[in-house]
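All ligand and atom numbering here is 1-based and tracks the order in the structure.
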Amino acid sequence: MADHDLMDKLVSLSKRRGFIFQSSEIYGGTGSVWDYGPLGIELKRNVKELWWSAMVHQRDDVEGLDAAILMHPRVWEASGHVEGFTDPLVECSNCHRRFRADLPEVEGGQCPSCGTRDAFGEARSFNLMFKTFMGPVEEDAATIYLRPETAQGSYVNFLNVQTAARQKVPFGIAQIGKAFRNEITPGNFIFRTREFEQMELQFFVEPGTDDEWFETWKEARMAWHRSLGIRPEKLRFHEHGPDELAHYAKKAVDIEYEYPFGWKEFEGVHNRTDFDLGRHQEYSGKRLEYIDPASNARYLPYVIETAVGVDRTVLVALLDAYREENVEGEERVVLSLAPKLAPLKAAVFPLVKKDGMPEVAEKLHNELRAASMPSFYDAAGSIGRRYRRQDEAGTPWCITVDGQTLEDQTVTIRDRDTLTQDRVALDRVRSWIRERLDG
Ligand code: GAP
């Protein structure tokens with residue numbers, strides 16, 4: 001399968017099966033904004049829960065936070081976003097459309113839209129933050145921004161969290177939340193969108209220990225991606241050169257994934273030094289220094305940041321899992337998602353709609369749901385068709401209640417990837433699945 005086909009096929013599967021729909025589709029769609037359907041929201045929730053579990057619940061040195069999207073406008077002056085979060089844009093004097101100045105066609109002097117040559121004016125900076133107004137008056141003084149990253153909410157709450165949770169440096173603040181960027185060149189489905197969700201950790205360390213912590217987090221984040229079942233050969237590190245570094249960073253490494261459109265950023269790990277805390281201290285006039293209880297040393301901690309998109313993780317999980325296979329002479333599309341990511345853990349089928357099979361199957365389906373294992377009951381169509389539907393949804397196990405079930409209280413469990421069938425006692429199905437989810 002050619003790589004560009006894979007993106008098209010994934011977009012179409014996502015819509016057909018209810019993973020992801022274009023926003024406001026009946027009105028022609030909103031540019032680069034997407035909605036998550038019934039299966040998509042389950043996958044997305046699983047991504048977030050696995051991140052939260054690894055980053056917050058399994059650690060003593062990280063605290064959670066949910067800061068508001070709307071913040072004091074001075075935050076974005078202090079952070080450098082008002083001045084520096086810009087892309088250079090040029091306008092075509094013929095069709096009046098605007099493009100990033102660094103697009104290859106634009107650099108070659110040709111308008112990508114109307115084809116006119118040498119019709120571009122001077123490049124102008126375009127700020128990527130969405131603006132809105134707070135309160136009933138739409139005037140400059142009431143302008144606020146939709147946050148372009150969750151990180152700033154963690155910086156301005158650094159002392160609140162540290163004091164309330166009685167943490168000592170080194171410790172971190174983790175957040176999952178929406179971010180907004182008026183991207184000039186969004187695209188590639190949910191790879192780059194204008195509204196997206198981030199999972200960010202700000203880890204505060206003593207200056208001088210920052211290089212070591214940077215390496216620790218870089219490796220920890222790569223290990224997390226691998227734990228989701230992402231193929232290791234599709235992941236690599238890319239260190240930023242001096243011309244790629246963001247305005248706040250001393251050092252930055254991307255974890256990249258090999259998408260159908262090439263190796264591109266998946267997650268960023270940044271050494272932000274004391275830039276952000278220093279600027280907030282300066283702009284707010286409030287001291288944000290940490291006092292070491294053992295040595296009484298007073299300092300602004302350095303920050304090691306790990307930042308990854310929820311949507312981008314969903315995209316990588318789907319791309320990495322998509323397979324087209326020939327099984328017993330029939331084509332099938334299967335999403336080989338790690339079971340812990342799969343939207344549905346099981347599907348339960350009565351072989352036929354009679355002889356008491358539907359009742360047994362429905363009872364099992366309800367027991368699975370009650371045990372927090374999302375399950376799907378399906379009695380429609382041939383067993384083969386029911387399997388295909390679940391393969392496309394990424395459901396790892398299909399359970400069939402058949403004639404033998406009524407005699408010996410066992411069911412068959414069919415594995416999505418190996419297609420093997422296990423005969424398992426009805427009262428052991430839950431523990432059978434639980435062992436595999438945890439393992
Ligand atoms: N706080 C640091 C920060 O925001 P970033 O590299 O601009 O750094 C971090 O963004 C991550 O957020 C990216 O690696 C990507 O996974 C995700 N991300 C950024 N912009 C995005 C967009 N427009 N659409 C979807 N995901 C995006």
Give a yes or no on whether a salt bridge exists between D417 and R323, defined as a side-chain N under 4.0 angstrom from a carboxylate O. no
Distance to 0.1 Å, residue and atom name: give those for the protein heavy atom nearest to atom 11 (C) of ligand 1. A307 O, 3.6 Å
List ligand 1 atoms under 4.0 Å from R272, heavy atoms only on the residue side. 1 (N), 2 (C)
Can you find an N/O atom of R192 closer than 3.5 Å to an N/O atom of ligand 1? no
How does E267 reach ligand 1, by side chain, by backbone, by both or by neither, if only non-hydrogen atoms under 4.0 Å count? backbone
Of all the atoms in ligand 1, which lie at a distance below 4.0 Å from a heavy atom belonging to E200? 1 (N), 2 (C), 3 (C), 4 (O)
Any salt bridge between E200 and R147, counting N to O under 4.0 Å? no
Note: ligand 1 atoms sitting under 4.0 Å from heavy atoms of F266 are 14 (O), 15 (C), 16 (O)
Is the F204 ring parallel, tilted or perpendicular to the Y155 ring (thresholds 30°, 60°)? perpendicular
Counting each atom of ligand 1 from 1 as listed, which ones have a heavy atom of F191 under 4.0 Å away? 24 (N), 25 (C), 26 (N)
Got a salt bridge between K251 and E239, using NZ or NE/NH1/NH2 to carboxylate O under 4.0 Å? yes
To the nearest 0.5 Å, tell me how far E392 CD sits from L335 CG. 7.5 Å
For atom 24 (N) of ligand 1, grab the closest protein heavy atom and report residue, atom and distance to one decimal in Å. T193 N, 3.0 Å
Should the pair R389-D378 be classified as a salt bridge under the 4.0 Å nitrogen-to-oxygen rule? yes
Any N or O on E265 sitting closer than 3.5 Å to an N or O of ligand 1? yes
Atom 26 (N) of ligand 1 has as its nearest protein heavy atom F196 CD1, 3.5 Å
Test: R312 cationic atom under 6.0 Å from F191 six-membered ring centre, within 45° of axis: yes
What atoms of ligand 1 come closer than 4.0 angstrom to any heavy atom of Y248? 2 (C), 8 (O)
Of all protein heavy atoms, the one nearest atom 12 (O) of ligand 1 is Q198 NE2, 3.4 Å
Is there a side-chain contact between K131 and Y145 (heavy atoms, below 4.5 Å)? yes
Check R279 with E282, please: is the shortest side-chain N to carboxylate O separation under 4.0 Å? no
May I ask you to check if ligand 1 and I190 share an N or O to N or O distance below 3.5 Å? no
Could you tell me which atoms of ligand 1, counted from 1 in the order shown, lie closer than 4.0 angstrom to a heavy atom of E149? 1 (N), 2 (C), 3 (C), 4 (O)
H270 heavy atoms within 4.0 Å reach ligand 1 at atoms 2 (C), 8 (O)
Candidate pair E183 and R194, rule salt bridge (Lys or Arg N to Asp or Glu O under 4.0 Å), full reasoning: CA-CA 6 Å; E183 301 277 5; R194 295 194 168 110; over 6 Å; no
Nearest protein heavy atom with distance in Å, relative to atom 7 (O) of ligand 1: R181 NH1, 2.8 Å
Distance check, rounded to the nearest 0.5 Å: R192 atom CZ versus R181 atom CZ? 9.5 Å
Which atoms from ligand 1 have a heavy atom of E305 less than 4.0 Å away? 1 (N), 2 (C)
